[in-house]
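Report on the structure given below.
Letters A, B, ... are given to chains in the order of the sequence lines, protein chains preceding strands, and every chain is numbered from 1.
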There are 2 protein chains.
Amino acid sequence: MKTLELAARLRRNDPVALAKAISLVENRRKDYKKLLESIYPLPSGPLKIGITGSPGSGKSSLIEKMIAGFRSRGLSIAVLAVDPSSPLSGGALLGDRLRMIQHSNDPNVFIRSIANRGHLGGLSLSTHEIIDLLQAAGKEIIIIETVGVGQSEVDIVNVADIVLMVLNPDSGDEIQIFKAGIIEIADIFVINKADLGGGDIKAGEIRNYFAMSGRDPLVFSISVKEDQGIPELLEGIFRFQREEVGHIREKSASIMKNYIEKIIVERFQEEMRLDPAITSVLDGIGRSNPYLAADQIVQLIKSGGIHDKKN
Amino acid sequence: MKTLELAARLRRNDPVALAKAISLVENRRKDYKKLLESIYPLPSGPLKIGITGSPGSGKSSLIEKMIAGFRSRGLSIAVLAVDPSSPLSGGALLGDRLRMIQHSNDPNVFIRSIANRGHLGGLSLSTHEIIDLLQAAGKEIIIIETVGVGQSEVDIVNVADIVLMVLNPDSGDEIQIFKAGIIEIADIFVINKADLGGGDIKAGEIRNYFAMSGRDPLVFSISVKEDQGIPELLEGIFRFQREEVGHIREKSASIMKNYIEKIIVERFQEEMRLDPAITSVLDGIGRSNPYLAADQIVQLIKSGGIHDKKN
C-alpha cells in the first residue's frame, strides 16, 4: 500500500490501515515520517483519557466496562496500552488484553499494545505519534493505559487530557509514601474493588492528602466485579470535560509543546549520534569539560545543518 | 566572595565554599555558570555510588554505616540526597538526614540534600553539576541517594558509576511486578533487615528474575540494625569497581554524554521559551502540525543564534 493511500484509508477509519500505520511508526519503517506529515491537520479533539495504577488494581477490567459505556453512547474508541520494556510486566499486560476480546468484533473499538522503547526517559516520541494516528482515524475517545512503573506513568500527563488513577481500598501506604509525586498528576481517582469495603476510608485519605495543597479532586468508589459505579464515573469524566474546559485547553497546549520539543530533541540527538565532528568533540573535550563540549556542539549543529532525513 | 576565589577554595575542599557553591548552582544565582566553567578539568575519578529503594527500606541508616566504613579506610566522602518535589516524602528524607548527625564534625564527610526541580523529567541538570562540584572538591566517594519515586530513581543510572538497590525480605511483590523496569538498572542488590529472616528467599527471587536475561547480579544480605554484612558489602563494591573496569568506563562515558545532552537541550529549551519568533510558531502552526512547527523552530534556532547567557 502506498503511503498516501494508507493515509487516506486511515482517515476513513479503516482498521487494517490503522494497524499497519501504527506498525510503520512503531518500528520506524521506511516512509513513516512521510505518513506522519500527511495526516495533519487532525480532525478536532477526541477526549484522551490516561489511566494509570499498580498492576492488579483492575485497570484492564475497568477499561472493558468503560468501553461498553462509551459504545452505548455511540462513541468510537481506541485503547492504547503502553507496555514497559520489562519482559515480566509486559507479559502481564498482554494477558490483560485478552480479556478485552469481547469487543474484538466491533469496528468502533480499536485495541492495541505498544512497547515503549523510550522507557528510561518517559514515553517515547512514537507514543505521541501513534495517538495522532488514532486521532486521524476519527476516534472520539482515546484511552491510554500505562502500568504503574516509574517514567511512563508520570509522563502520561504529557499525552492525556484527563488522567485517572486506579487504586484499591487495601493499597496500604502507597498513597502516603510510595506514590508521592505521582499522585499529583491524577485528575480523577477511581477506587476499584469498593465491594471489599474501605472505599470511603481510602477516599478520605486521598482528600486529606490534597487538603494540604487546597485541591479537591474527583474521587469515585466503584466495583468492576459487582458492576457498580461505572455510569457515575463516566458521567464524572464528561462533567470534568465540560466544566474544566480551561484546564483541558491549557493541558492540550502543553501536550503539544512537549510533543514538538520531543521531535526537536530527537532531531538534535540524531545529529549528535551521526555527525562525526560532534562525535569527535564528545570523545575529546567531552571527556573533561561538558560545558566547553556543549558550546562546540551547539556551534556545529548551527553551522553544519540538521541532516534532513525524510525517509 | 568572588567567583574565582570561591572556585579556588572549593578545590581546597573548604566545606563553607563547597556549600556556598552548591547553593549558587542549585538556585541558578548570578555567576553560577562562570563558577561551573572554572572547575574543569576535574580531579580524576571519585567512585559515584547511587543508592535507591523504597522509603522505609533503611537507605539512610545503611549510608550512615557506609560512611563509617569508608572513613575507616581514610576516604573523603560526600552524600547527596536528591529529594523529590513532593512535600510529604521531602519531609521524610529531611528527618532521615538528622540521623547522620554523628558525622557532622568530620570535615571529610559532607552531607547535603537538594531539591530536584527537574522531577517529571528525571534528575535535573543541576544534580549533575553539583556532583561535579563535589568532585572538584576532591571527594573520593560520592553517594547519591534517591527515594523510590519514579523518574529520579531510574535516572540515577545517568549519574552513578554503580547503582545499589536496597530491599527488605518482606518487600512482597515489589520485585516481581512493581519494580519491573527499575530493578534492571541496579548493579548490586542489598537486602537489608536480613535479621528478620527471609533474606535468602528474597536473594533467590532476585537471581531468578535475572536468570531470564542471563545476568547474575551481586546480592548482599545485611542487617544495619545488627551491624552485620557491611564490611562484606563495601568489599563487594570495591571488587565491582576493580573487576568491572570496562563496565564502569562505558558508564562514565555515557554519563558524560547524557550530561552534555542535558546542557544542550536546556539551551535549546531556553531559546524556545525566550525567542518570540519561536513562541509565535508554537502558538500558530504548532497548534495543528507538530512536524511543521518542529521544522520551523529548528530553522529559527539555526539562523537566530543561541542567546549566550553567561550571567
Nearest heavy-atom neighbours spanning B/D187 and B/D161: OD2-O, 3.9 Å
Under a 4.5 Å heavy-atom cutoff, which of B/L42, B/I297, B/I263, B/I39 has the most pairs with chain A? B/I263
If you draw a 6.0 Å radius around NZ in A/K251, do more than 12 non-hydrogen atoms from other residues or ligands fall strictly inside? yes
Checking B/I255 against chain A: side chain, backbone, both or neither under 4.5 Å from a heavy atom? neither
Could you measure the distance from the CG atom of A/D283 to the CD1 atom of A/I278? Nearest 0.5 Å is fine. 12.0 Å
Hey, is B/E129 close enough to B/R28 for a salt bridge, meaning N to O under 4.0 Å? yes
Is A/Y259 in contact with chain B via its backbone, its side chain, both, or neither, using a 4.5 Å heavy-atom distance? side chain
